[in-house]
Amino acid sequence: MTVTLEKSVQDFISTPRQLFIGGQWVDAASGRTFATPNPATGETLAHIAEADREDVDRAVRAARAAFEEGPWSRMTASERGRIIWRIGDLIEQYGDELAQLESLDNGKPYAVARAADIPLAAELFRYMAGWATKIEGNTISLSVPYMPGSEFHAYTLREPIGVVAQIIPWNFPLLMAAWKLGPALTTGNTVILKPAEQTPLSALRLAEIMAEAGLPEGVVNVLPGYGETAGAALAAHDGVDKVAFTGSTEVGKLIVQAAAGNLKKVSLELGGKSPNVVFDDVDPALAIPGAANAIFFNHGQCCVAGSRLFVHESRFDEVVSGVADIARGIKLGSGLDPDTQMGPLVSDEQFRRVTGYLESGRAEGARTVAGGQRHGDKGYFVQPTVITDTTSDMAIVREEIFGPVVVASPFSSLDEIAAQANDTAYGLGAGIWTRDVNKAHALAKRLRAGTVWINCYNVFDAALPFGGYKQSGWGREMGHEVLEAYTEVKAVCTQLHP
Ligand code: NAI
Ligand code: MG
């Protein structure tokens with residue numbers, strides 16, 4: 001049995017999809033298209049116009065015109081907020097359809113997309129809608145030392161940065177679009193969004209939804225295409241004032257170099273190798289499924305995946321064998337099969353990358369206690385995998401695998417685990433499992449990570465800032481912190497001559 005596709009979804013994927021520029025659906029200037037495959041079968045799902053440099057130029061012009069002259073630039077904050085709220089409502093209204101597109105294109109189970117990705121995206125827009133009317137500056141007392149006796153009235157304005165390029169990955173296609181678009185729009189910017197080439201469908205449907213919500217033309221332009229062409233052209237474009245990127249640390253560094261040409265502002269949400277620490281006092285009924293969820297959620301394709309599991313030596317065997325049992329019991333299959341608990345990886349490239357790490361772990365002498373192989377013989381399925389007997393220099397311990405693969409090792413003391421957990425180039429997430437509030441908060445303080453979850457993992461909320469220390473990124477998404485990443489501060493200083 002499978003989920004029956006809505007007619008609107010069948011129509012959407014059976015018609016070649018175009019680029020969305022200046023409120024119009026257009027072919028790529030080159031006329032080229034690319035295919036997005038169904039990761040459960042490897043077969044082509046839909047054909048998409050492939051944006052490149054010329055399309056980027058057009059989209060930047062459209063976004064510039066919308067920013068400088070369009071109705072968007074004259075709207076009140078309240079009007080802007082209402083449109084953004086409506087986008088959230090429409091995402092909810094079209095939730096079944098969006099979840100089907102997401103499952104088809106990315107491979108994740110429909111039920112997961114419907115329960116998590118879609119409502120989180122809707123709520124993100126609603127949360128951000130509320131900020132539109134609350135973007136404020138300050139009044140400031142001046143004491144200019146070389147102008148004794150003078151009086152001033154000084155204040156700050158928070159203004160949009162301008163034309164923003166947003167480049168997003170394929171692991172949560174709609175949600176990553178929401179994380180990026182919500183704050184950019186509530187602060188009054190205009191946007192060119194480039195979805196990942198693996199998963200362009202939900203962003204294209206979102207473009208229709210944003211138009212239906214009343215977003216004026218040119219405010220958001222959507223350009224599916226490849227990173228090396230469309231993405232690189234956006235990151236380097238002189239007409240772009242800011243680039244916001246989520247993806248690999250490797251490409252994040254390329255974005256920084258490309259941005260140097262016009263010193264556009266940059267924010268980055270990059271990779272991770274997040275530690276998940278289980279102390280000796282835990283309730284196994286909480287910590288074992290918690291540790292499994294930390295790595296296996298979204299097939300391990302989470303920047304924040306709890307991919308390094310550390311368990312106190314006195315509970316190591318118990319917790320690791322519990323996580324391994326869960327791994328062996330996870331049902332893999334098509335995202336549209338209601339019994340499926342884990343779908344395929346997103347692409348052949350990711351499949352080869354992840355299975356390559358499984359082989360390198362074996363070659364370096366690590367022990368696979370669950371999984372470790374491909375699942376089935378078609379599509380990009382990988383067994384949920386638990387690995388032990390690693391050393392801290394192995395590639396599987398140091399590098400982001402971005403698949404359902406966890407490496408587990410024992411620890412004995414808080415000092416030791418703080419050092420081990422921080423022994424990584426990344427600093428995105430971390431988990432702590434203990435009943436002892438002293439241990440929990442003492443370790444939370446010492447971890448160099450942008451998010452620390454205590455007795456939970458993968459808890460996301462539009463109000464909770466998210467981002468990375470070290471090589472996991474620059475800046476924060478969500479919460480009120482993200483507003484800083486999408487605004488310029490203008491200081492206005494008036495001398496009073498009474
Ligand atoms: P990627 O970093 O290459 O792709 C992410 C986005 O960047 C896509 O939209 C892509 O088209 C674009 N892009 C690629 N090269 C670009 C360039 N030179 N200039 C501008 N944009 C460019 O990630 P990829 O290749 O899909 O996955 C590779 C690894 O990256 C994964 O195995 C995982 O470790 C990591 N990754 C991390 C993510 C996160 O959420 N932090 C998300 C996706 C991947
Ligand atoms: Mg890449």
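Order of listing sets the numbers, starting from 1, for every ligand and every atom in it.
When heavy-atom distances to ligand 1 are checked against a 4.0 Å cut-off, Gln301 has no atom that comes that close, whether in backbone or side chain. At a 4.0 Å heavy-atom cut-off, ligand 1 touches Arg353 through the side chain alone. By the criterion of a heavy-atom distance under 4.0 Å, neither the backbone nor the side chain of Met176 is placed next to ligand 1. The backbone of Leu270, and not its side chain, has at least one atom closer than 4.0 Å to an atom of ligand 1 (non-hydrogen atoms only; backbone = N, CA, C, O). Heavy atoms of Ser248 found under 4.0 angstrom from ligand 1 belong to the backbone as well as the side chain.
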Stepwise, does the salt bridge (Lys or Arg N to Asp or Glu O under 4.0 Å) test hold for Glu488 with Lys265? CA-CA 10 Å; Glu488 293 274 22; Lys265 310 291 185 259; 3.6 Å; yes

Would you please test Leu332 and Thr340 for side chain to side chain contact (heavy atoms under 4.5 Å, CB included) and show each step? CA-CA 6 Å; Leu332 283 92; Thr340 292; over 6 Å; no

Please step through side chain to side chain contact (heavy atoms under 4.5 Å, CB included) for the pair Ile209 and Leu98, ending with a clear verdict. CA-CA 11 Å; Ile209 287 172; Leu98 284 165; 3.9 Å; yes

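For the pair Arg353 and Phe402, the NZ or CZ position fails the cation-pi test of under 6.0 Å to the six-membered ring centre and within 45 degrees of the ring normal. A cation-pi arrangement, defined by a distance under 6.0 Å to the six-membered ring centre and an angle within 45 degrees of its axis, is present between Arg205 and Tyr94.
Below 3.5 Å of separation, one finds no N or O of Leu254 facing any N or O of ligand 1. For Thr246, no nitrogen or oxygen atom sits less than 3.5 Å from a nitrogen or oxygen atom of ligand 1, counting backbone and side chain alike. Checked by distance only, ligand 1 and Gly227 come closer than 3.5 Å through their nitrogen or oxygen atoms. Backbone and side-chain nitrogen or oxygen atoms of Ile168 are examined, and one is located within less than 3.5 angstrom of a nitrogen or oxygen of ligand 1. Taking only nitrogen or oxygen atoms, main chain and side chain alike, Glu400 reaches within less than 3.5 Å of ligand 1.
Looking from atom 38 (C) of ligand 1 to the surrounding protein, the closest heavy atom is Phe402 CZ, 3.4 Å. Nearest protein neighbour of atom 12 (C) of ligand 1, counting heavy atoms only, is Ile167 CG2, 3.6 Å. The protein heavy atom nearest to atom 10 (C) of ligand 1 is Glu197 OE1, 3.5 Å. Scanning the protein for heavy atoms near atom 20 (C) of ligand 1, the closest one is Gly231 C, 3.2 Å. The protein atom (non-hydrogen) at minimum distance from atom 39 (C) of ligand 1 is Cys303 CB, 3.4 Å.
The contact set between ligand 1 and Asn171, taken as ligand atoms under 4.0 Å from a residue heavy atom, comprises 40 (O). Those atoms of ligand 1 with a heavy atom of Ala232 less than 4.0 angstrom away are 19 (N), 20 (C). Atoms of ligand 1 found under 4.0 Å from any heavy atom of Ile255, numbered from 1 in the order shown, are 20 (C). Within ligand 1, the atoms closer than 4.0 Å to a non-hydrogen atom of Ala196 are 9 (O), numbered from 1 in the order shown. Which parts of ligand 1 touch Pro169 is read off a 4.0 Å heavy-atom cut-off, strictly below it: atoms 42 (C), 43 (C). Numbered from 1 in the order shown, with element, the atoms of ligand 1 that lie under 4.0 Å from a heavy atom of Gln198 read 26 (O). Counting atoms of ligand 1 from 1 in the listed order, those under 4.0 Å from a heavy atom of Gln350 are 27 (O), 28 (C), 31 (C), 32 (O).
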Distance-only criterion, 3.5 Å: show the donor-acceptor pairs between side-chain atoms of residues 187-198 and protein atoms not counting sequence neighbours.
unit_1, atom_1, unit_2, atom_2, d
Thr187, OG1, Pro183, O, 2.6
Thr187, OG1, Ala184, O, 3.1
Thr187, OG1, Asn189, ND2, 2.9
Asn189, OD1, Ile161, N, 2.7
Asn189, OD1, Gly162, N, 2.9
Asn189, ND2, Ala184, O, 3.1
Asn189, ND2, Tyr486, O, 3.1
Thr190, OG1, Ala63, O, 2.8
Lys194, NZ, Gly225, O, 2.9

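Side chain to side chain, Asp105 and Ser202 fail the donor-acceptor criterion of an N or O pair below 3.5 Å. Side-chain contact of Lys242 with Gln166: a donor-acceptor pair under 3.5 Å is absent, judged by distance alone. Side-chain polar atoms of Asp27 and Gln18 form a donor-acceptor pair below 3.5 angstrom. Side-chain contact of Thr33 with Glu50: a donor-acceptor pair under 3.5 Å is absent, judged by distance alone.
Among Phe245, Trp170, Tyr426, the residue whose heavy atom sits closest to atom 7 (O) of ligand 1 is Phe245.
Salt-bridge annotation for Asp52 and Arg32: present, with a side-chain N of the basic residue lying under 4.0 Å from a carboxylate O of the acidic one.
If you take CZ on Phe466 and OG1 on Thr246, they are separated by 8.5 Å, rounding to the nearest 0.5 Å. A distance of 13.5 Å separates CH2 of Trp72 from CD of Glu217, quoted to the nearest 0.5 Å. To the nearest 0.5 Å, atom CD1 of residue Ile288 and atom CG of residue Asn293 are 13.5 Å apart.
For the pair Glu399 and ligand 1, no heavy-atom separation below 4.0 Å is found.
Distance remark: protein heavy atom not present below 4.0 angstrom from atom 4 (O) of ligand 1.
A donor-acceptor pair under 3.5 Å is absent between the side-chain atoms of Asn276 and the main chain of Ala294, judged by distance alone.
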